[in-house]
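Counting begins at 1 with the first residue of the sequence.
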Amino acid sequence: SIAANIIGLQADDTPRPNRLGIRLAGNGTEVRNNLISGNIDFGVVIDRLAAGDAFPMDNVVRSNFIGTNSAGTAAVANSGPGVSIEGNQNEISYNLVSGNAGVGISVLGNTNTVFGNKIGTNHLLGDTAIGNTEGGIAIFGSSNFIRSNLISGNLGGIALQRHPDRPDLSPTGNIIDDNNIGVNAALTAAVPNASGGIALLNATNNQLTRNIVAGNGTVGIGIAQGSTGNTLTLNYIGVAPGGVVIPNDGPGIYIKESAG
C-alpha cells in the first residue's frame with residue numbers, strides 16, 4: 001500500500017511538485033490517507049505503461065486529499081486531472097478531489113467504482129467551492145458505477161461523452177446513482193457547477209437514478225449529440241428532498257437533436 005504520504009507539497013503546504021503524484025500500472029495496490037497536490041500533471045493515474053500491457057485492475061484509491069492543502073480548505077492544484085483511470089475494476093472512494101486544474105476524476109476504463117467522494121468542495125462541511133477547472137467527473141468508458149458522491153463547485157458536474165482523442169471510447173451502460181450535484185452536503189443551498197449538472201453526449205444506455213441535480217449554473221441534465229437509450233428515474237431536479245427549492249439556472253432537463 002501507499003499510505004500517509006505528502007506528495008507534491010512540503011509539510012507547510014508549499015508546493016514541491018513532482019511530474020505526477022502517483023502512477024499505478026499494476027494490480028491490487030491501495031492508495032490511502034495521502035495528501036497529493038501541487039504536481040505538474042496528474043494527481044493519481046491508473047494506466048498501462050505500454051500499449052500491449054494488461055489494463056490495471058483492483059486498485060483502491062481511498063481517503064486521500066487530491067488537489068488541496070492539508071486542511072482541505074483551499075486549492076493547491078495538480079495541473080492535470082485529480083484522478084485518471086484507464087483500467088478496469090478499480091475503486092475511487094471517500095476522497096476529497098478538489099482544486100485541480102483538469103477534471104476531478106476521469107474514467108476511461110470499464111467497471112470501475114467511484115463512490116462517496118467530495119469533488120469540487122471543501123472537506124469538512126462540503127459547503128464551499130474549491131472547483132476542478134475542467135469539471136467534476138468525465139466518463140468515457142462503460143459499465144462504471146458512480147454513486148453517492150458530492151459533485152459541486154466545478155466547471156460542470158458529470159459528463160458522459162466520447163473521448164476527443166479516442167473515438168473508440170463511447171460511454172454506455174454506466175450507472176449514475178444517488179449523487180448530489182450542484183448543492184452543499186447538507187442539501188440546503190447551491191454550490192453551483194457553472195456549466196450544468198449532468199451532460200450526456202454520444203452516450204447510450206446509461207442509467208441516472210436517485211440523483212439530486214439542483215443549483216447548477218445552467219441546465220440540470222442535458223442530453224444531446226445522438227445520445228440514445230438513456231434512462232432517468234427518481235431524480236430530484238431543482239429541488240432537494242423535503243421540498244427545498246434549489247433551482248438550476250436553466251431547464252431542468254434539456255434534450256436536443258436525435259437524443260433519447
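Residues Pro81 and Asn100 form no side-chain contact, since every pair of their non-hydrogen atoms from C-beta on lies 4.5 Å or further apart. The shortest side-chain heavy-atom distance between Ile92 and Asn117 falls under the 4.5 Å cut-off.
For the pair Asp177 (side chain) and Arg147 (backbone), a donor-acceptor distance under 3.5 Å is absent. Proximity of a side-chain donor or acceptor of Ser227 to a complementary backbone N or O of Asn202 within less than 3.5 Å is detected. A donor-acceptor pair under 3.5 Å is formed between the side chain of Ser195 and the backbone N or O of Leu155. Formation of a donor-acceptor pair under 3.5 Å by the Asn216 side chain with backbone atoms of Pro192 is not found in this model. No donor-acceptor distance shorter than 3.5 angstrom exists from the side chain of Asn193 to the backbone of Gly135, with no hydrogens or angles considered. Although no hydrogens or angles enter the test, the distance criterion places a donor-acceptor pair under 3.5 Å between the side chain of Asn206 and the main chain of Asn174.
Hydrophobic clustering places Val183 together with Tyr236 (ILVMFWY residues linked when any side-chain heavy atoms are closer than 4.5 Å, directly or through intermediates). One hydrophobic cluster holds both Val239 and Ile212 under the rule that ILVMFWY side chains link at heavy-atom gaps under 4.5 Å. By the criterion of side-chain heavy atoms lying less than 4.5 angstrom apart, applied directly or through intervening Ile, Leu, Val, Met, Phe, Trp or Tyr residues, Phe140 is not grouped with Val103; the two fall into different hydrophobic clusters. Under a hydrophobic-cluster definition in which Ile, Leu, Val, Met, Phe, Trp and Tyr are linked whenever side-chain heavy atoms come within less than 4.5 Å, directly or via other members, Leu150 and Ile105 are assigned to different clusters. Residues Ile175 and Val114 are members of separate hydrophobic clusters, defined by side-chain heavy-atom contacts under 4.5 angstrom among Ile, Leu, Val, Met, Phe, Trp and Tyr.
Taking every heavy atom of both residues into account, Leu24 and Pro56 meet most closely at O-CG, 4.0 Å. Nearest heavy-atom pair across Ala240 and Leu187 is CB-O, 3.7 Å. Residues Val97 and Gly104 approach most closely at CG1-O, 3.3 Å, considering heavy atoms. Closest approach of Ile253 to Val219, counting heavy atoms only: C-CG2, 4.4 Å. Shown here for Pro15 and Leu9, the closest heavy-atom pair between the two residues is CA-CD2, 3.7 Å. The minimum heavy-atom distance linking Asn205 with Asn230 is given by the pair N-OD1, 3.4 Å.
For Arg16, the CZ atom counts as loosely surrounded, since its 6.0 Å shell holds 12 or fewer non-hydrogen atoms of other residues, nucleotides or ligands.
A search for ring pair (Phe, Tyr, Trp, His ring centres under 6.0 Å) contacts involving Phe145 returns nothing, not counting sequence neighbours. The side-chain contact (heavy atoms from CB on, under 4.5 Å) test applied to Leu201 returns Gln161, Ala224, Gln225, not counting sequence neighbours. When the ring pair (Phe, Tyr, Trp, His ring centres under 6.0 Å) test is applied to Phe65, the partners found at least two apart in sequence or on another chain are His123. Remark: Arg19 pairs with Asp41 by the side-chain contact (heavy atoms from CB on, under 4.5 Å) rule, at least two apart or across chains. Qualifying salt bridge (Lys or Arg N to Asp or Glu O under 4.0 Å) partners for Glu134, counting only residues two or more places apart in sequence or in other chains: none.
Side-chain contact of Asp178 with Ser148: a donor-acceptor pair under 3.5 Å is present, judged by distance alone. The closest side-chain donor-acceptor pair between Ser93 and Arg62 falls under 3.5 angstrom. If you check the side chains of Ser143 and Asn110, you find no donor sitting under 3.5 Å from an acceptor. Side-chain atoms of Asp58 and Asn27 form no donor-acceptor pair, as typed in the model, at a separation below 3.5 Å.
Tested against Asn211 for a side chain to side chain donor-acceptor pair (under 3.5 Å), the candidates Asn149, Asn180, Asn179 yield a single pass: Asn179. Residue Asn122 is tested with Ile130, Asn184, Leu96, Thr73 for a side-chain contact (heavy atoms from CB on, under 4.5 Å); the sole match is Ile130. Of the options Asp13, Ile36, Leu35, a side-chain contact (heavy atoms from CB on, under 4.5 Å) to Ile6 is made by Leu35 and by none of the others.
The distance from atom CG of Leu208 to atom CD1 of Ile223, rounded to the nearest 0.5 Å, is 7.5 Å. With values rounded to the nearest 0.5 angstrom, Ile158 atom CD1 is found 3.5 Å from Ile151 atom CD1. The CD1 atom of Ile66 sits 8.0 Å away from atom CD1 of Ile22, with the distance rounded to the nearest 0.5 Å. Residue Leu160 holds its CG atom at 9.0 Å from CG of Asn144, rounded to the nearest 0.5 Å. Taken to the nearest 0.5 Å, the CG atom of Leu232 stands 4.5 Å off from the CD1 atom of Ile221.
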**OP:** Begin from the C-alpha positions of Ser1 and Arg32 and carry the test side chain to side chain contact (heavy atoms under 4.5 Å, CB included) through to its verdict.
**Re:** CA-CA 8 Å; Ser1 68; Arg32 57 181 173 83; 4.2 Å; yes
**OP:** Go through the steps for Asn39 and Asn78 under the test side chain to side chain contact (heavy atoms under 4.5 Å, CB included), then give the verdict.
**Re:** CA-CA 5 Å; Asn39 296 290; Asn78 297 296; 3.0 Å; yes
Original post:
Where do Thr204 and Thr172 land on the side-chain hydrogen bond (donor to acceptor under 3.5 Å, both in side chains) test, with the steps shown first?
Top reply: CA-CA 5 Å; Thr204 59; Thr172 185; 3.2 Å; yes
Which pairs would a plain distance check flag for residues 42-52, meaning a side-chain donor or acceptor within less than 3.5 Å of a matching protein atom at least two apart in sequence or in another chain?
{"from": "Asp47", "atom 1": "OD1", "to": "Arg23", "atom 2": "NE", "distance (Å)": "2.8"}
{"from": "Asp47", "atom 1": "OD1", "to": "Arg23", "atom 2": "NH2", "distance (Å)": "3.3"}
{"from": "Asp47", "atom 1": "OD2", "to": "Arg23", "atom 2": "NH2", "distance (Å)": "3.2"}
{"from": "Arg48", "atom 1": "NH1", "to": "Ala51", "atom 2": "O", "distance (Å)": "2.7"}
{"from": "Arg48", "atom 1": "NH1", "to": "Asp53", "atom 2": "O", "distance (Å)": "3.4"}

